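These figures come from a predicted structure and were not determined experimentally.
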Amino acid sequence: MGKGKQSGKQKGDQSGTDREKTTCEMNTLEEYRNKGREICEKFCEFKDQYPIMLPPAPKQTYIDFYKDEEGASSSKFDDEKFKQANYEAEVLTYRALERLPEERCVVLHSFKYTHHQYRICDKSHDRRKCDQCKGMAAQKTECDFVVIGKNYVVIIEVKNVPIDEDSELTEEQRKELTGALKGSLEQLEKTKSMINGLVEQVFAGMEADHQCSIICLSAFPNTSRDRFQNMDEQTKKQILCKEDFPDFSSWWKQQYVLGSICSFVQTEAFLAKHQEMKQVLVAIYCTDKNRCDELKCSLGKAIMDIDDELKKGNITFLSKNRLPNPNVMKATDIKSANIDDGINIFKDMLGIEYLTVEQRDAFNRDQNLLVINGPAGSGKTIILLAKIIKVIKSNVDNRAVLYIFSDDNISCKRYQDALDKAEISNEVIVNNMSMVYSREYTEQVVLESESRVVIVRISSLSRFTYNSVTKLMYRNIHVFIDDWQGMRGPLARKMFTERDLLLTVEALTNCVIACDFTQAYNLELSSYKKRRKRFYSFLKNLPPERIVTLSLNLRNTSDITDILSKIREHIILQVLQEERDVTIPMIKQGHFIHGPQIVVHVIYKIINEKDFSVVTDILNEELDKLCNTDVIKIGIVYNTRRIIQKVIEERCSVDNNKIEWCNVKSCYSAEYPAVIVLYDVANYVDLSILYRQISRARVYCVVILYSSDDNHIFSGFEKLNNMLAEYFEDSIRVMRYD
């Protein structure tokens with residue numbers, strides 16, 4: 001498959017000394033065997049019946065999301081889009097292999113090996129007749145997938161040849177298909193030759209028919225089987241077609257029935273030899289030239305590498321041979337974000353390399369009263385922070401107050417870190433008092449503070465008033481509100497009804513509001529209808545230049561975005577039909593950066609304080625997977641404290657620096673590389689809650705569904721089951737416990 005050079009360099013969170021602990025030099029078969037044994041013991045232990053995927057997420061290559069410029073020819077980016085389609089075909093195959101049932105196998109994605117490694121495996125190789133032996137460290141070849149099963153190795157090469165099913169196969173298409181198949185078979189044979197050499201060494205002395213089977217497959221995820229009807233029968237058996245992917249597990253099982261894979265009694269001697277061969281192949285996969293890095297197999301390291309790219313906004317590839325993506329621009333090219341001494345707000349203060357055009361337009365919108373409306377992950381908070389920094393840096397007398405809605409200080413850290421990096425003094429005050437005292441308290445603290453920015457954290461128990469906002473604006477304090485949908489009480493009502501007054505006050509200072517009403521708590525309850533109508537009315541009647549809509553998800557991986565998009569679509573169609581045009585913009589992919597597969601654990605039994613072991617075991621197992629490196633931060637987001645609090649506290653005491661936890665009611669501003677969602681369906685089955693919980697995960701998400709009340713278990717799970725079956729069948733792995 002194609003390759004690209006991603007903008008920016010991936011930087012691990014390890015120092016050079018720490019990095020040396022996970023790498024070693026490899027020169028002999030014995031060294032590969034020993035190192036492979038260590039890696040397999042650490043990363044390839046089967047805790048369930050699903051395959052071990054290495055790397056734990058698809059390799060990132062063509063990640064750009066292309067959207068044709070208005071008025072531009074639809075074919076302008078056809079070449080780039082075709083390369084993207086090639087990459088997505090490979091991802092489709094990766095996802096299909098993830099769903100292999102009851103297969104205790106290891107899947108190596110993008111398996112590369114050098115000529116030196118080839119020679120180590122193939123003892124019959126003659127150096128004297130080989131020109132490549134002079135440059136043994138150079139890459140010899142690669143294949144897309146190597147699947148190491150219980151008594152076999154399957155080598156898979158992926159080709160993307162999309163052909164319209166309703167049209168006749170043209171001569172040009174036939175040549176393209178034949179050429180792709182020929183190229184695939186040639187690549188497969190090279191890898192098969194190397195693995196054959198390894199089999200001969202490892203299985204030396206065993207009968208040939210009791211050795212490991214090696215099967216070669218050419219995968220065409222976008223090509224129908226009837227397009228290969230003129231091929232010979234043997235070739236057809238080596239082709240995986242479009243029809244095979246929807247029920248890939250059944251197709252895979254059928255290969256046993258057809259006799260493609262040898263079936264015999266597996267002796268202990270065979271299993272030991274097969275394990276040895278797997279260890280060598282895993283070690284080769286982890287080795288670049290002659291340096292083996294075991295962290296290529298680490299789930300935690302994979303998550304952090306992907307997260308690093310997402311946080312920096314590296315959502316495009318740079319290449320002299322490719323047209324630049326018109327939807328993406330360098331942060332340094334946004335002139336309005338450049339301040340004193342050539343410092344760029346986005347790159348130098350917020351650590352973001354690239355932004356989308358719609359983000360740039362939102363930042364450049366100069367209305368003082370502005371509503372930034374968009375789904376989770378679209379960059380609302382980033383634009384809000386950039387605007388705060390710009391206001392403060394533009395005038396030494398400017399001050400600002402930022403309202404956020406949360407029950408803990410964890411959510412404040414992101415804002416404080418950005419302001420600290422921008423060298424802007426700031427402090428956090430907590431408003432968790434009743435309505436009677438909250439207004440005067442907040443006004444007094446903000447006005448008396450010596451900090452340039454005051455972050456006001458409003459708890460779910462407080463009832464904050466609208467007058468505080470307008471009074472501070474009259475005192476020349478710039479007001480910013482993040483996650484407006486979390487607002488409660490009189491402030492929520494007044495902000496809707498006093499729109500005209502806000503338009504008057506904003507002539508003095510800024511009032512910038514970020515919101516995503518899909519994340520409003522208990523959105524499906526009838527009691528929220530009035531709030532929804534006020535929100536809808538406010539936005540509908542606000543002058544259009546005062547509203548900017550963000551639609552591209554940039555924070556989460558493409559896989560999580562797909563899940564969120566489907567949940568959001570359900571909410572819009574089932575709950576918010578009347579407001580959808582204004583209030584709830586749909587989510588669009590902002591990139592195609594993929595992450596590990598989302599896992600959902602469904603526990604079909606009543607969970608109570610006397611027997612909470614099932615949830616505890618699943619939680620600890622998932623945390624163990626994530627905590628095998630020192631670089632990951634994990635968030636646990638729950639929807640009820642009932643029963644679960646003690647379990648979380650016990651685990652957090654063990655991995656205190658790696659794990660944070662928060663209630664879904666107050667997690668608006670929280671986000672983590674990896675999130676474990678604990679969802680008690682007995683509390684209330686509301687998809688807006690699940691939407692908010694999952695959206696906190698940038699890269700990896702595990703959902704644990706359970707019920708602590710037998711009166712709700714069947715109705716709650718029935719609703720979620722229908723959703724899982726309808727929306728997420730191909731997107732997640734569901735594990736059920738009866």
Side-chain angles (χ1 to χ4, degrees), residues 1-5 19-20 22-40 54-55 59 61 90 106-148 152-159 179-204 211-218 273-274 276-297:
M1 301 297 292
K3 305 173 199 172
K5 180 181 180 182
R19 189 69 172 170
E20 290 175 4
T22 65
T23 64
C24 63
E25 189 170 335
M26 309 285 283
N27 292 298
T28 67
L29 184 62
E30 187 62 26
E31 288 174 337
Y32 278 100
R33 183 186 291 112
N34 293 335
K35 186 60 181 177
R37 186 185 304 113
E38 293 178 17
I39 296 172
C40 287
L54 302 178
K59 183 184 176 185
T61 52
E90 194 169 328
V106 173
V107 179
L108 307 177
H109 179 211
S110 189
F111 181 76
K112 302 177 183 179
Y113 56 92
T114 64
H115 189 70
H116 174 65
Q117 291 165 337
Y118 179 90
R119 202 184 71 187
I120 287 175
C121 294
D122 187 1
K123 291 184 68 175
S124 64
H125 183 71
D126 191 344
R127 296 190 195 182
R128 295 169 299 179
K129 298 181 180 180
C130 180
D131 295 333
Q132 294 188 52
C133 280
K134 296 178 181 179
M136 291 187 300
Q139 179 183 315
K140 180 176 176 63
T141 190
E142 69 170 300
C143 68
D144 292 325
F145 296 95
V146 173
V147 183
I148 310 168
Y152 62 84
V153 173
V154 177
I155 310 167
I156 303 174
E157 187 66 27
V158 183
K159 297 296 180 182
L181 181 59
K182 180 181 178 182
S184 172
L185 294 175
E186 288 175 354
Q187 286 180 286
L188 290 168
E189 281 302 316
K190 292 177 182 177
T191 305
K192 183 178 180 180
S193 174
M194 187 271 283
I195 296 177
N196 259 329
L198 178 61
V199 168
E200 290 177 5
Q201 288 194 70
V202 172
F203 287 87
Q211 294 184 1
C212 169
S213 300
I214 303 176
I215 301 166
C216 294
L217 294 175
S218 298
K273 295 294 185 182
H274 191 72
E276 181 181 328
M277 184 195 65
K278 179 179 74 175
Q279 293 164 354
V280 173
L281 290 175
V282 169
I284 289 174
Y285 160 78
C286 291
T287 302
D288 182 16
K289 295 185 179 179
N290 68 337
R291 296 295 300 181
C292 182
D293 183 5
E294 66 179 39
L295 286 184
K296 288 183 69 175
C297 301

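Of all the heavy atoms in Leu108 and Leu281, the pair that sits closest is CD1-O, 3.8 Å. Heavy atoms only, all atoms of each residue included: Tyr32 and Gln117 are closest at OH-NE2, 3.0 Å. Heavy-atom minimum distance, Ile214 versus Lys192: CG2-CG, 3.7 Å. A pairwise comparison of heavy atoms in Leu188 and Glu157 identifies CD2-N, 3.7 Å as the closest pair. Summarising the geometry of Glu142 relative to Gln187, their closest heavy-atom pair is O-NE2, 4.0 Å, with the distance given to 0.1 Å. Shown here for Cys292 and Ala283, the closest heavy-atom pair between the two residues is SG-O, 3.9 Å.
For the pair Leu181/Lys159, no side-chain contact is recorded, criterion being any heavy-atom separation below 4.5 Å from C-beta on. Taking 4.5 Å as the limit, some side-chain heavy atom of Leu217 sits within range of a side-chain heavy atom of Ile156. The closest side-chain heavy-atom distance from Leu29 to Val280 is below 4.5 Å. In this structure, the side chains of Glu294 and Lys35 come closer than 4.5 Å at one or more pairs of heavy atoms. A 4.5 Å side-chain heavy-atom check between Tyr118 and Thr141 finds every atom pair outside the cut-off. Residues Ile148 and His274 have side chains in contact (heavy-atom distance under 4.5 Å, counting atoms from C-beta outward). Two residues are said to be in side-chain contact when any heavy atoms from C-beta on lie closer than 4.5 Å; Arg119 and His116 meet this criterion. No side-chain heavy atom of Val146 sits less than 4.5 Å from a side-chain heavy atom of Tyr285.
Here the straight-line distance linking atom CD of Glu186 with atom CD of Glu189 works out to 9.5 Å at 0.5 Å rounding. From Arg33, atom CZ reaches atom OG1 of Thr28 across 8.5 Å, with rounding to the nearest 0.5 Å. Interatomic distance, Cys121 SG to Met277 CE, rounded to the nearest 0.5 Å: 10.5 Å. For the atom pair CG (Leu185) and OG (Ser218), the distance works out to 4.5 Å, reported to the nearest 0.5 Å. Put simply, CD1 on Ile120 and NE2 on His115 are 11.0 Å apart, with the number rounded to the nearest 0.5 Å.
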With side chain to side chain contact (heavy atoms under 4.5 Å, CB included) as the test, would you mind laying out the steps for Phe145 and Val158 before giving the verdict?
CA-CA 8 Å; Phe145 296 95; Val158 183; 3.8 Å; yes
Using the rule given for side chain to side chain contact (heavy atoms under 4.5 Å, CB included), can you reason through Leu54 versus Lys296, listing the C-alpha separation, both sets of side-chain angles and the distance that settles it, and then say yes or no?
CA-CA 8 Å; Leu54 302 178; Lys296 288 183 69 175; over 6 Å; no
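With hydrogens and angles disregarded, no donor-acceptor distance shorter than 3.5 Å links the side chain of Glu90 to the backbone of Ser110.
Checked against Cys212 for a side chain to side chain contact (heavy atoms under 4.5 Å, CB included), the options Val153, Leu198, Asn196, Ile195 give a single hit: Val153.
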